[in-house]
Amino acid sequence: EVQLVESGGGMVQSGGSLRLSCAASGFTFSNYDMSWARQPPGKGPEWVSSINAGGEYTFYLDSVKGRFSISRDNAKNTFSLQMNNLKPEDTAYYYCARVSSRATSPFEVDEYDYWGQGTQVTVSS
């Protein structure tokens, strides 16, 4: 059974940092691109960041570039999102997700076939 279990999240003041982690099991982790998505209050889910299967390539939503950093450890079946200089507009429920092997783009949330349970990130001004 594929499982993605997140940890991290919480409440911080503007300018603060948080680290989200996602532990994967039930599949060959090193074969899949992985992504982070978020759902702000009252809005639909949006892509935040992706990392390719080997960890060589990373991609970011323009609004988080230079502040967020995605990484993975294929030996430990985990990947993470380090979030620095957080802003109130980063407030959202954050999800880790597996990009489907049939996906044409890792940036489209509809292309994700498994999701974590999500974790709340709240940034106060």
Side-chain angles (χ1 to χ4, degrees):
E1 178 188 5
V2 173
Q3 285 194 320
L4 298 172
V5 180
E6 299 168 12
S7 59
M11 182 181 294
V12 295
Q13 291 188 332
S14 183
S17 297
L18 285 172
R19 185 177 182 86
L20 306 181
S21 295
C22 185
S25 61
F27 64 103
T28 305
F29 181 69
S30 58
N31 286 353
Y32 286 85
D33 298 345
M34 303 298 294
S35 290
W36 289 95
R38 67 187 181 187
Q39 185 162 11
K43 298 182 180 180
E46 66 175 359
W47 168 74
V48 174
S49 180
S50 297
I51 187 166
N52 77 312
E56 303 93 349
Y57 303 104
T58 57
F59 306 90
Y60 300 95
L61 182 68
D62 282 348
S63 62
V64 307
K65 278 181 183 176
R67 301 188 297 120
F68 289 13
S69 178
I70 190 172
S71 61
R72 67 189 295 161
D73 185 337
N74 284 346
K76 296 182 178 179
N77 289 356
T78 61
F79 74 115
S80 299
L81 185 69
Q82 177 66 42
M83 305 184 294
N84 298 327
N85 190 22
L86 282 160
K87 302 177 180 181
E89 52 264 41
D90 295 318
T91 294
Y93 216 70
Y94 283 72
Y95 298 89
C96 62
R98 190 181 83 169
V99 181
S100 169
S101 58
R102 298 185 181 89
T104 56
S105 168
F107 314 133
E108 299 293 337
V109 297
D110 290 344
E111 303 271 29
Y112 304 160
D113 55 4
Y114 288 93
W115 295 68
Q117 79 281 7
T119 186
Q120 179 68 42
V121 171
T122 302
V123 185
S124 60
S125 56

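Index from 1, following the sequence.
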OG/Ser49 to NZ/Lys65 distance, rounded to the nearest 0.5 angstrom? 10.5 Å

Minimum-distance pair of heavy atoms, taken over all atoms of Tyr112 and Ala37: CE1-CB, 4.4 Å

To the nearest 0.5 Å, what is the distance between CG on Leu86 and OG on Ser17? 6.0 Å

Test item: Ser80 and Arg19 side chains (from C-beta on) under 4.5 Å apart, heavy atoms: yes

Between Asn52 and Asp33, is there a donor-acceptor pair closer than 3.5 Å when you use the side chain of the first and the backbone of the second? no

Min side-chain heavy-atom separation Asp113-Val2 under 4.5 Å: no

Taking all non-hydrogen atoms of both residues, which atom of Ala24 and which atom of Leu4 are closest, and how far apart? CB-CD2, 3.7 Å

With rounding to the nearest 0.5 angstrom, report the CE to OH distance, Met34 to Tyr114. 12.0 Å

Can you tell me how far the CZ atom of Phe29 sits from the OG1 atom of Thr78, to the nearest 0.5 Å? 6.0 Å

Do Ser69 and Tyr60 come close enough that some side-chain heavy atom pair is under 4.5 Å? yes

So, does Thr91 use its side chain to make a donor-acceptor pair with the main chain of Val123 at under 3.5 Å? yes

Keeping the roles fixed (side chain from Arg67, backbone from Asn85), state whether a donor-acceptor pair exists under 3.5 Å. yes

Which value, rounded to the nearest 0.5 Å, describes the distance between Asn74 atom CG and Ser30 atom OG? 5.0 Å

Tell me if the CD atom of Glu56 is crowded by more than 12 foreign heavy atoms within 6.0 Å. yes

If every non-hydrogen atom of Ala92 is compared with every non-hydrogen atom of Pro41, which pair is closest and at what distance? CA-CD, 4.5 Å

Do you know which two heavy atoms are closest between Ser35 and Pro106, and how far apart they sit? OG-O, 3.3 Å

Do Glu111 side-chain atoms and Thr104 backbone N/O form a donor-acceptor pair below 3.5 Å? yes

Parallel, tilted or perpendicular: ring planes of Trp115 versus Tyr95, cut at 30 and 60 degrees: perpendicular

Can you tell me how far OH of Tyr57 sits from OG of Ser50, rounded to the nearest 0.5 angstrom? 15.0 Å

In terms of relative ring orientation, are Tyr94 and Phe68 parallel, tilted or perpendicular, with 30° and 60° separating the classes? tilted

For the pair Tyr32 and Phe27, name the ring-plane relationship: parallel under 30°, tilted 30 to 60°, perpendicular over 60°. perpendicular

From the list Glu89, Glu46, Glu6, salt bridge (charged side-chain N to carboxylate O under 4.0 Å, His left out) partner of Arg38 resolves to Glu46

Any non-hydrogen side-chain atom of Met83 less than 4.5 Å from a side-chain atom of Asp90? no

